[in-house]
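Nothing here was measured: the structure is a model prediction, and the numbers come from that model. In what follows, chains are A, B, ... by sequence order, proteins preceding strands, each numbered from 1.
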Amino acid sequence: NAGVTQTPKFQVLKTGQSMTLQCAQDMNHNSMYWYRQDPGMGLRLIYYSASEGTTDKGEVPNGYNVSRLNKREFSLRLESAAPSQTSVYFCASSRGETINEQYFGPGTRLTVT
Amino acid sequence: AQSVTQLDSQVPVFEEAPVELRCNYSSSVSVYLFWYVQYPNQGLQLLLKYLSGSTLVKGINGFEAEFNKSQTSFHLRKPSVHISDTAEYFCAVMKGNTPLVFGKGTRLSVIA
């Protein structure tokens, strides 16, 4: 099993450009999450999908959109990138039952100039 | 809303010395507590979790944590650290089936 995979690993964008970060899991998990990690801020939840067909905002959703394409895939889209969105983005998944651990992907390092 | 406070942003410690990484949470109801570790340029992986039962929880790589409800704390300990333990450690809290809320992290540096 590959676990949680993310593409791309690195990306540089100019202000105003758009892009989609891809995430896929092969563990048959119901729930998926997108976080951003900034120095000294820990991980902050952007959006999550408790189950296929549902999405909910997290702590910092502004400037982002998500799509739960199917049970395996959960993408994060930046419509008009801003320098404040320079960050490392992590996707995670979990079984989605009452209490269970989240499994994380390796991350995407995004720089917006 | 849940919140997690990791009291130290950086902890330097000599190899083979003991270490404690502190974590406090705010909640008046039952919560579930986790510690994750992030090695350089990697994602997070679970060290240990407290769901219920014994307040002393043992995890991977010789780490353990103690849940203290009266002090709302969940401190992480290891009796003897190795160079390979150098990493960032995150405490996280979950209430019910809501997403995890993470602390800001503690960077552990083990000095040879």
Please give me the minimum heavy-atom distance between A92(A) and Y35(A), naming the atom from each residue.
CB-CE1, 4.3 Å
Could you tell me whether the side chains of N68(B) and S70(B) share a donor-acceptor contact shorter than 3.5 Å?
yes
Of the backbone (N, CA, C, O) and the side chain (C-beta and beyond), which part of L43(A) lies under 4.5 Å from a heavy atom of chain B, both, or neither?
both
So, E59(A) and R44(A), do they make that salt bridge, N to O below 4.0 Å?
no
With a 4.5 angstrom heavy-atom cut-off, is it the side chain or the backbone of Y103(A) that approaches chain B, or both, or neither?
neither
Heavy atoms only, distances under 4.5 angstrom: which of Q6(B), Q38(B), R107(B), E88(B) has the most pairs with chain A? Name it, please.
Q38(B)
Pairs of heavy atoms under 4.5 Å with chain A: top-ranked of V4(B), V101(B), L46(B), L100(B)
L100(B)
Non-hydrogen atoms of L13(A) and S18(A) that approach each other most closely:
CD2-O, 4.3 Å
